[in-house]
Amino acid sequence: MKSLSEILEQITGPDEAAGAACRARWDGLAKPLGSLGLLEDSLARIAAVTGDPDIALEQRALLVLCADNGVVAQGVTQCGSGVTASVARALAAGESTVCHMARTARCQVIPVDMGMADFPSTPGVWDRRVRSGTADITQGPAMTRAECLRAVELGADLVRECRDRGAAIIATGEMGIGNTTTSSALASVLLGRSPSDVTGRGAGLSDHGLARKIAAIERAVSVNHPDPSDPIDALSKVGGLDIAGLCGIFLGGALYRVPVVIDGFISGTAALCAARLRPGAEFAMLPSHVSAEPAGGLMLRALGLTPLITAGMRLGEGSGAVAALPLLDMALAVYHSGQTFSRLGIDAYTPQ
(Lines give C-alpha, C1' and ligand atoms only; values in the text may rest on other atoms or scores of the structure.)
Protein backbone atom coordinates (compact mmCIF):
# COMPACT_ATOMS: atom_id res chain seq x y z
CA MET A 1 0.00 0.00 0.00
CA LYS A 2 1.36 3.40 -0.97
CA SER A 3 1.92 6.20 1.53
CA LEU A 4 0.13 9.50 1.04
CA SER A 5 3.36 11.20 -0.01
CA GLU A 6 3.90 8.53 -2.69
CA ILE A 7 0.31 8.90 -3.88
CA LEU A 8 0.59 12.66 -4.23
CA GLU A 9 3.97 12.48 -5.97
CA GLN A 10 2.85 9.85 -8.50
CA ILE A 11 -0.39 11.46 -9.67
CA THR A 12 -0.08 12.87 -13.17
CA GLY A 13 -2.54 14.92 -15.19
CA PRO A 14 -5.22 13.96 -17.71
CA ASP A 15 -4.42 12.47 -21.12
CA GLU A 16 -5.45 15.47 -23.21
CA ALA A 17 -4.96 13.61 -26.49
CA ALA A 18 -7.40 10.88 -25.50
CA GLY A 19 -9.92 13.47 -24.37
CA ALA A 20 -9.57 15.33 -27.68
CA ALA A 21 -10.00 12.08 -29.64
CA CYS A 22 -13.22 11.41 -27.74
CA ARG A 23 -14.55 14.86 -28.58
CA ALA A 24 -13.60 14.39 -32.23
CA ARG A 25 -15.60 11.16 -32.31
CA TRP A 26 -18.58 12.95 -30.77
CA ASP A 27 -18.33 15.69 -33.42
CA GLY A 28 -18.38 13.08 -36.20
CA LEU A 29 -21.73 11.67 -35.11
CA ALA A 30 -24.90 12.74 -36.90
CA LYS A 31 -26.23 15.26 -34.40
CA PRO A 32 -25.71 18.95 -33.68
CA LEU A 33 -22.26 19.64 -32.21
CA GLY A 34 -22.16 19.35 -28.45
CA SER A 35 -25.89 18.66 -28.31
CA LEU A 36 -25.61 16.01 -25.57
CA GLY A 37 -23.92 18.55 -23.34
CA LEU A 38 -22.62 17.16 -20.08
CA LEU A 39 -22.97 13.59 -21.35
CA GLU A 40 -20.37 14.33 -24.01
CA ASP A 41 -18.20 16.11 -21.46
CA SER A 42 -18.40 13.14 -19.11
CA LEU A 43 -17.18 10.65 -21.70
CA ALA A 44 -14.38 12.99 -22.76
CA ARG A 45 -13.38 13.24 -19.11
CA ILE A 46 -13.39 9.45 -18.77
CA ALA A 47 -11.22 9.11 -21.89
CA ALA A 48 -8.73 11.60 -20.46
CA VAL A 49 -8.58 9.63 -17.20
CA THR A 50 -8.07 6.22 -18.77
CA GLY A 51 -6.04 7.39 -21.77
CA ASP A 52 -8.36 5.51 -24.13
CA PRO A 53 -11.12 7.09 -26.27
CA ASP A 54 -12.60 3.62 -26.92
CA ILE A 55 -14.58 3.76 -23.67
CA ALA A 56 -16.14 0.70 -22.05
CA LEU A 57 -17.71 0.65 -18.60
CA GLU A 58 -18.74 -2.99 -18.37
CA GLN A 59 -17.71 -3.53 -14.76
CA ARG A 60 -18.51 -0.90 -12.16
CA ALA A 61 -18.28 -0.85 -8.38
CA LEU A 62 -19.92 1.26 -5.69
CA LEU A 63 -17.73 1.63 -2.61
CA VAL A 64 -19.86 2.53 0.42
CA LEU A 65 -17.57 3.55 3.27
CA CYS A 66 -19.11 2.98 6.69
CA ALA A 67 -17.98 4.61 9.94
CA ASP A 68 -19.38 5.92 13.20
CA ASN A 69 -18.97 9.42 14.59
CA GLY A 70 -18.64 10.33 18.27
CA VAL A 71 -20.40 13.65 17.74
CA VAL A 72 -23.69 11.72 17.77
CA ALA A 73 -23.47 12.11 21.56
CA GLN A 74 -24.40 15.78 21.07
CA GLY A 75 -27.89 14.96 19.81
CA VAL A 76 -27.18 16.05 16.23
CA THR A 77 -29.07 13.15 14.63
CA GLN A 78 -32.52 11.58 14.70
CA CYS A 79 -31.20 8.10 15.46
CA GLY A 80 -28.31 6.43 17.22
CA SER A 81 -25.07 5.03 15.85
CA GLY A 82 -26.44 1.49 15.78
CA VAL A 83 -28.20 2.34 12.51
CA THR A 84 -24.81 2.51 10.75
CA ALA A 85 -24.20 -1.19 11.41
CA SER A 86 -27.77 -2.11 10.46
CA VAL A 87 -27.47 -0.42 7.08
CA ALA A 88 -24.00 -1.93 6.51
CA ARG A 89 -25.50 -5.39 6.99
CA ALA A 90 -28.35 -4.50 4.62
CA LEU A 91 -25.82 -3.33 2.04
CA ALA A 92 -23.95 -6.63 2.30
CA ALA A 93 -27.22 -8.54 1.92
CA GLY A 94 -28.23 -6.52 -1.15
CA GLU A 95 -31.26 -5.12 0.67
CA SER A 96 -30.44 -1.45 1.24
CA THR A 97 -32.03 1.26 -0.91
CA VAL A 98 -29.00 1.80 -3.09
CA CYS A 99 -28.71 -1.94 -3.78
CA HIS A 100 -32.00 -1.90 -5.67
CA MET A 101 -30.80 1.08 -7.70
CA ALA A 102 -27.41 -0.52 -8.30
CA ARG A 103 -28.92 -3.68 -9.76
CA THR A 104 -30.63 -1.55 -12.40
CA ALA A 105 -27.32 0.19 -13.10
CA ARG A 106 -25.38 -3.13 -13.26
CA CYS A 107 -23.14 -1.99 -10.42
CA GLN A 108 -21.62 -4.11 -7.67
CA VAL A 109 -22.17 -2.71 -4.15
CA ILE A 110 -19.23 -3.07 -1.76
CA PRO A 111 -19.75 -1.90 1.84
CA VAL A 112 -16.46 -1.16 3.59
CA ASP A 113 -15.96 -0.92 7.36
CA MET A 114 -13.65 2.05 7.86
CA GLY A 115 -14.48 2.47 11.51
CA MET A 116 -17.90 1.37 12.71
CA ALA A 117 -18.28 1.08 16.47
CA ASP A 118 -17.74 -2.48 17.70
CA PHE A 119 -18.75 -3.99 14.37
CA PRO A 120 -18.01 -7.72 14.09
CA SER A 121 -16.61 -9.35 10.97
CA THR A 122 -19.53 -9.72 8.57
CA PRO A 123 -19.63 -11.59 5.24
CA GLY A 124 -19.83 -9.14 2.36
CA VAL A 125 -18.40 -6.20 4.31
CA TRP A 126 -14.77 -5.42 3.50
CA ASP A 127 -12.76 -4.82 6.67
CA ARG A 128 -10.57 -1.73 6.45
CA ARG A 129 -11.24 -0.56 10.01
CA VAL A 130 -8.88 2.06 11.38
CA ARG A 131 -10.52 2.41 14.80
CA SER A 132 -13.87 1.72 16.44
CA GLY A 133 -15.61 5.01 15.64
CA THR A 134 -14.24 8.50 16.08
CA ALA A 135 -14.20 10.68 19.18
CA ASP A 136 -16.69 13.48 19.82
CA ILE A 137 -15.36 16.45 17.83
CA THR A 138 -16.90 18.93 20.29
CA GLN A 139 -14.47 17.62 22.93
CA GLY A 140 -11.30 17.21 20.86
CA PRO A 141 -9.97 15.72 17.61
CA ALA A 142 -12.00 13.03 15.87
CA MET A 143 -8.87 10.91 15.43
CA THR A 144 -5.10 11.18 15.40
CA ARG A 145 -3.26 12.44 12.34
CA ALA A 146 -1.74 8.97 11.88
CA GLU A 147 -5.19 7.37 11.89
CA CYS A 148 -6.42 9.88 9.34
CA LEU A 149 -3.45 9.23 7.06
CA ARG A 150 -4.08 5.48 7.27
CA ALA A 151 -7.74 5.95 6.30
CA VAL A 152 -6.75 8.05 3.28
CA GLU A 153 -4.14 5.50 2.21
CA LEU A 154 -6.59 2.62 2.63
CA GLY A 155 -9.10 4.51 0.47
CA ALA A 156 -6.60 4.92 -2.34
CA ASP A 157 -5.71 1.25 -2.14
CA LEU A 158 -9.38 0.31 -2.50
CA VAL A 159 -9.25 1.82 -5.99
CA ARG A 160 -6.24 -0.30 -6.89
CA GLU A 161 -8.00 -3.41 -5.64
CA CYS A 162 -11.22 -2.66 -7.54
CA ARG A 163 -9.24 -1.88 -10.70
CA ASP A 164 -7.36 -5.16 -10.39
CA ARG A 165 -10.72 -6.94 -10.09
CA GLY A 166 -11.83 -5.36 -13.36
CA ALA A 167 -13.78 -2.26 -12.33
CA ALA A 168 -13.69 0.40 -15.06
CA ILE A 169 -15.47 3.05 -13.00
CA ILE A 170 -16.03 3.52 -9.27
CA ALA A 171 -19.00 5.22 -7.63
CA THR A 172 -18.64 6.57 -4.10
CA GLY A 173 -21.02 6.30 -1.19
CA GLU A 174 -21.01 6.43 2.59
CA MET A 175 -22.97 5.33 5.62
CA GLY A 176 -22.38 6.83 9.01
CA ILE A 177 -24.86 8.36 11.42
CA GLY A 178 -23.63 11.87 12.21
CA ASN A 179 -21.60 12.33 9.03
CA THR A 180 -23.53 15.34 7.75
CA THR A 181 -22.29 17.04 10.93
CA THR A 182 -18.65 16.16 10.30
CA SER A 183 -19.00 17.06 6.61
CA SER A 184 -20.53 20.42 7.49
CA ALA A 185 -17.71 21.09 9.93
CA LEU A 186 -15.17 20.33 7.20
CA ALA A 187 -17.07 22.42 4.67
CA SER A 188 -17.07 25.35 7.07
CA VAL A 189 -13.29 25.07 7.50
CA LEU A 190 -12.35 24.41 3.86
CA LEU A 191 -14.67 27.04 2.37
CA GLY A 192 -14.22 29.64 5.08
CA ARG A 193 -17.98 29.83 5.65
CA SER A 194 -19.91 29.97 8.90
CA PRO A 195 -21.42 26.68 10.10
CA SER A 196 -24.92 28.09 9.63
CA ASP A 197 -24.17 28.65 5.91
CA VAL A 198 -23.20 25.04 5.22
CA THR A 199 -25.26 22.97 7.66
CA GLY A 200 -28.53 21.28 6.74
CA ARG A 201 -31.11 19.11 8.42
CA GLY A 202 -29.52 15.80 7.43
CA ALA A 203 -32.14 13.08 7.90
CA GLY A 204 -34.86 15.57 8.83
CA LEU A 205 -33.94 17.52 11.96
CA SER A 206 -36.39 20.03 13.40
CA ASP A 207 -35.48 23.72 13.76
CA HIS A 208 -34.35 23.02 17.30
CA GLY A 209 -32.31 20.02 16.19
CA LEU A 210 -30.67 22.04 13.41
CA ALA A 211 -29.70 24.77 15.90
CA ARG A 212 -28.16 22.11 18.16
CA LYS A 213 -26.22 20.69 15.20
CA ILE A 214 -24.86 24.11 14.21
CA ALA A 215 -23.85 24.81 17.80
CA ALA A 216 -21.99 21.50 17.97
CA ILE A 217 -20.05 22.36 14.81
CA GLU A 218 -19.19 25.80 16.17
CA ARG A 219 -17.83 24.18 19.34
CA ALA A 220 -15.85 21.63 17.34
CA VAL A 221 -14.15 24.30 15.24
CA SER A 222 -13.46 26.45 18.31
CA VAL A 223 -12.02 23.56 20.35
CA ASN A 224 -9.88 22.00 17.59
CA HIS A 225 -8.63 24.97 15.54
CA PRO A 226 -8.48 22.97 12.28
CA ASP A 227 -6.05 24.37 9.73
CA PRO A 228 -7.82 25.06 6.38
CA SER A 229 -4.47 24.97 4.56
CA ASP A 230 -3.79 21.42 5.81
CA PRO A 231 -6.61 19.04 4.78
CA ILE A 232 -5.21 16.18 6.87
CA ASP A 233 -5.26 18.40 9.95
CA ALA A 234 -8.86 19.42 9.24
CA LEU A 235 -9.95 15.83 8.48
CA SER A 236 -8.34 14.42 11.59
CA LYS A 237 -9.80 17.09 13.88
CA VAL A 238 -13.39 17.56 12.69
CA GLY A 239 -13.91 14.92 9.98
CA GLY A 240 -14.66 11.21 9.99
CA LEU A 241 -13.10 7.96 8.86
CA ASP A 242 -15.60 7.59 6.03
CA ILE A 243 -14.69 11.03 4.66
CA ALA A 244 -10.96 10.37 5.02
CA GLY A 245 -11.34 7.06 3.16
CA LEU A 246 -13.36 8.75 0.42
CA CYS A 247 -10.65 11.39 0.09
CA GLY A 248 -8.25 8.53 -0.55
CA ILE A 249 -10.57 7.02 -3.16
CA PHE A 250 -10.57 10.26 -5.14
CA LEU A 251 -6.78 10.44 -4.96
CA GLY A 252 -6.61 6.77 -5.93
CA GLY A 253 -8.76 7.43 -8.98
CA ALA A 254 -6.24 10.02 -10.19
CA LEU A 255 -3.29 7.75 -9.37
CA TYR A 256 -4.63 4.50 -10.87
CA ARG A 257 -6.42 6.19 -13.79
CA VAL A 258 -9.92 5.06 -12.81
CA PRO A 259 -12.82 7.56 -13.07
CA VAL A 260 -14.53 8.06 -9.71
CA VAL A 261 -18.11 9.35 -9.42
CA ILE A 262 -18.84 11.84 -6.65
CA ASP A 263 -22.13 11.14 -4.87
CA GLY A 264 -23.45 14.10 -2.88
CA PHE A 265 -22.42 16.52 -0.17
CA ILE A 266 -20.39 14.12 1.97
CA SER A 267 -18.36 12.59 -0.83
CA GLY A 268 -18.10 16.08 -2.37
CA THR A 269 -16.45 17.26 0.85
CA ALA A 270 -14.00 14.37 0.59
CA ALA A 271 -13.36 15.22 -3.07
CA LEU A 272 -12.53 18.81 -2.13
CA CYS A 273 -10.10 17.53 0.52
CA ALA A 274 -8.43 15.43 -2.18
CA ALA A 275 -8.20 18.39 -4.56
CA ARG A 276 -6.68 20.54 -1.81
CA LEU A 277 -4.10 17.82 -1.08
CA ARG A 278 -3.23 17.40 -4.76
CA PRO A 279 -4.42 20.27 -6.95
CA GLY A 280 -5.45 18.87 -10.32
CA ALA A 281 -6.58 15.49 -8.93
CA GLU A 282 -10.15 16.47 -9.78
CA PHE A 283 -9.51 15.49 -13.41
CA ALA A 284 -10.49 11.93 -12.41
CA MET A 285 -13.69 13.01 -10.63
CA LEU A 286 -17.14 12.82 -12.23
CA PRO A 287 -20.01 14.69 -10.59
CA SER A 288 -23.35 12.92 -10.34
CA HIS A 289 -25.96 15.13 -8.67
CA VAL A 290 -26.21 18.25 -6.57
CA SER A 291 -27.27 17.36 -3.05
CA ALA A 292 -30.20 19.07 -1.34
CA GLU A 293 -27.86 19.85 1.58
CA PRO A 294 -26.95 23.57 1.67
CA ALA A 295 -23.26 23.01 0.87
CA GLY A 296 -23.84 20.48 -1.90
CA GLY A 297 -23.66 23.06 -4.67
CA LEU A 298 -20.88 24.96 -2.90
CA MET A 299 -18.66 21.88 -2.97
CA LEU A 300 -19.17 21.24 -6.68
CA ARG A 301 -18.53 24.88 -7.53
CA ALA A 302 -15.33 24.82 -5.48
CA LEU A 303 -14.24 21.81 -7.56
CA GLY A 304 -15.27 23.47 -10.85
CA LEU A 305 -17.72 20.65 -11.63
CA THR A 306 -21.29 20.71 -12.96
CA PRO A 307 -23.72 17.97 -11.84
CA LEU A 308 -25.54 15.72 -14.29
CA ILE A 309 -28.62 15.48 -12.06
CA THR A 310 -30.62 18.02 -10.04
CA ALA A 311 -33.30 16.00 -8.28
CA GLY A 312 -33.30 17.19 -4.67
CA MET A 313 -31.75 13.91 -3.49
CA ARG A 314 -30.15 13.53 -0.06
CA LEU A 315 -30.27 9.81 0.73
CA GLY A 316 -26.56 9.03 0.72
CA GLU A 317 -25.28 5.45 0.33
CA GLY A 318 -24.03 6.40 -3.15
CA SER A 319 -27.56 6.69 -4.54
CA GLY A 320 -26.80 9.79 -6.61
CA ALA A 321 -23.59 8.33 -7.99
CA VAL A 322 -25.37 5.14 -9.04
CA ALA A 323 -28.22 7.16 -10.58
CA ALA A 324 -25.69 8.77 -12.95
CA LEU A 325 -24.48 5.44 -14.38
CA PRO A 326 -27.51 4.82 -16.67
CA LEU A 327 -26.98 8.32 -18.12
CA LEU A 328 -23.43 7.32 -18.99
CA ASP A 329 -24.78 4.11 -20.54
CA MET A 330 -27.09 6.13 -22.77
CA ALA A 331 -24.22 8.40 -23.75
CA LEU A 332 -22.12 5.34 -24.63
CA ALA A 333 -24.95 3.90 -26.75
CA VAL A 334 -24.81 7.01 -28.95
CA TYR A 335 -21.02 7.27 -28.82
CA HIS A 336 -20.55 3.72 -30.10
CA SER A 337 -23.50 3.81 -32.52
CA GLY A 338 -21.43 4.55 -35.63
CA GLN A 339 -24.16 6.86 -36.92
CA THR A 340 -21.82 9.31 -38.61
CA PHE A 341 -22.82 12.11 -40.99
CA SER A 342 -21.31 10.27 -43.97
CA ARG A 343 -23.10 7.04 -43.13
CA LEU A 344 -26.43 8.85 -43.17
CA GLY A 345 -25.60 10.93 -46.20
CA ILE A 346 -25.74 14.23 -44.30
CA ASP A 347 -23.26 17.07 -44.60
CA ALA A 348 -21.24 17.29 -41.40
CA TYR A 349 -21.96 20.11 -38.99
CA THR A 350 -19.11 22.55 -38.53
CA PRO A 351 -18.67 25.41 -36.07
CA GLN A 352 -20.28 28.54 -37.51
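Going from atom CG of L8 over to atom OG of S3 covers 8.5 Å, rounded to the nearest 0.5 Å. In this structure, CG in L251 is found 12.5 Å from CD in Q10, a value given to the nearest 0.5 Å. Considering OG of S288 and CG of L300, their distance stands at 8.0 Å, rounded to 0.5 Å. Rounding to the nearest 0.5 angstrom, the gap separating the CG atom in L277 from the CD1 atom in I7 is 10.0 Å. Atom CD1 in I170 sits 9.5 Å away from atom CZ in R163 (nearest 0.5 Å). To the nearest 0.5 Å, atoms CG (N69) and CD (Q74) are separated by 12.5 Å.
V109 and I249 fall into different hydrophobic clusters, where Ile, Leu, Val, Met, Phe, Trp and Tyr are joined by side-chain heavy atoms under 4.5 Å apart, directly or via other members. Residue M116 is not grouped with residue V130 when hydrophobic side chains (ILVMFWY) are merged at heavy-atom distances under 4.5 angstrom, including chains of intermediate members. By the criterion of side-chain heavy atoms lying less than 4.5 angstrom apart, applied directly or through intervening Ile, Leu, Val, Met, Phe, Trp or Tyr residues, L315 is not grouped with V290; the two fall into different hydrophobic clusters. Hydrophobic clustering (side-chain heavy atoms under 4.5 Å, transitive across Ile, Leu, Val, Met, Phe, Trp, Tyr) groups I262 together with M114. In terms of hydrophobic clustering, with Ile, Leu, Val, Met, Phe, Trp and Tyr side chains grouped at heavy-atom distances under 4.5 Å, V159 and V322 are assigned to different clusters.
In this structure, V125 and R89 have side chains that are not in contact, with every pair of non-hydrogen atoms separated by 4.5 Å or more. Contact of the D263 side chain with the L246 side chain is not registered, since no non-hydrogen atoms from C-beta on lie closer than 4.5 Å. Side-chain contact check for L63 versus C162: some heavy-atom pair is nearer than 4.5 Å. In this structure, K2 and Y256 have side chains that are in contact, with non-hydrogen atoms separated by less than 4.5 Å. With contacts defined as side-chain heavy-atom distances shorter than 4.5 Å, the pair M299/L305 does not qualify. Two residues are said to be in side-chain contact when any heavy atoms from C-beta on lie closer than 4.5 Å; P294 and V198 fail this criterion. Taking the side chain as every heavy atom from C-beta outward, R145 and D230 approach each other to under 4.5 Å. Side-chain contact between L43 and R25 is absent, with no heavy-atom pair separated by less than 4.5 Å.
Here the closest non-hydrogen pair linking A275 and E282 is CB-OE1, 3.5 Å. Summarising the geometry of M285 relative to L303, their closest heavy-atom pair is SD-CD2, 4.3 Å, with the distance given to 0.1 Å. The two residues M313 and M101 make their nearest non-hydrogen contact at CE-CE, 4.5 Å. Closest heavy-atom contact between A56 and A168: O-CB, 3.6 Å. Minimum heavy-atom separation, L39 to W26: O-CZ2, 4.2 Å. Between A117 and S132, the closest heavy-atom pair is CA-OG, 3.3 Å.
There is no side-chain donor-acceptor pair under 3.5 Å between R165 and Q108. Under the 3.5 Å distance criterion, with hydrogens and angles disregarded, a donor-acceptor pair is assigned to the side chains of K213 and T180. With hydrogens and angles left out, the side-chain atoms of D52 and T50 include no donor and acceptor closer than 3.5 Å. A donor-acceptor contact closer than 3.5 angstrom is absent between the side chains of E317 and T97.
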**OP:** Would you please test D127 and S121 for side-chain contact (heavy atoms from CB on, under 4.5 Å) and show each step?
**Re:** CA-CA 7 Å; D127 183 3; S121 177; 5.8 Å; no
Check: Could you walk me through whether Y335 and C22 pass the side-chain contact (heavy atoms from CB on, under 4.5 Å) check?
Finding: CA-CA 9 Å; Y335 184 70; C22 175; 3.5 Å; yes
Test log, rule side-chain contact (heavy atoms from CB on, under 4.5 Å), inputs R257 and T12: CA-CA 9 Å; R257 315 298 295 196; T12 57; 3.0 Å; yes
| request: For F250 and S267, run side-chain contact (heavy atoms from CB on, under 4.5 Å): C-alpha distance rounded to whole Å, both residues' side-chain angles, the deciding distance at 0.1 Å, then the answer. | output: CA-CA 9 Å; F250 290 114; S267 67; 4.2 Å; yes
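At distances below 3.5 Å, at least one donor-acceptor pair connects side-chain atoms of T172 with backbone N or O atoms of V261. Judged by distance alone, with hydrogens and angles left aside, the side-chain atoms of S96 form no donor-acceptor pair with the main-chain N or O of A90 at under 3.5 Å. A distance-only check finds no donor-acceptor pair linking the side chain of R278 to the backbone of A254 [under 3.5 Å]. With S188 contributing its side chain and S184 its backbone, the two residues share no donor-acceptor pair below 3.5 Å. In terms of modelled atom types and a separation under 3.5 Å, the side chain of D227 and the main chain of D233 share no donor-acceptor contact. Looking at D242, its side chain never comes within 3.5 Å of a backbone N or O of E174 through a donor-acceptor pair.
More than 12 heavy atoms of other residues, nucleotides or ligands lie within 6.0 Å of CG in D164, so this atom counts as buried by the packing criterion. Heavy-atom contacts from other residues, nucleotides or ligands closer than 6.0 Å to CZ of R150 number 12 or fewer. Remark: R314 CZ is loosely packed, at most 12 non-hydrogen atoms of other residues, nucleotides or ligands lying under 6.0 Å away.
Partner S236 forms a side chain to side chain contact (heavy atoms under 4.5 Å, CB included) with one of C148, P231, P226 and no other, that one being C148. When each of V49, L62, L325, I55 is checked for a side chain to side chain contact (heavy atoms under 4.5 Å, CB included) with I169, only L325 meets the rule.
A salt bridge links D329 with R106; the closest basic N to acidic carboxylate O contact falls under 4.0 Å. Taking a cutoff of 4.0 Å between a charged side-chain nitrogen and a carboxylate oxygen, D41 and R45 do not qualify as a salt bridge.
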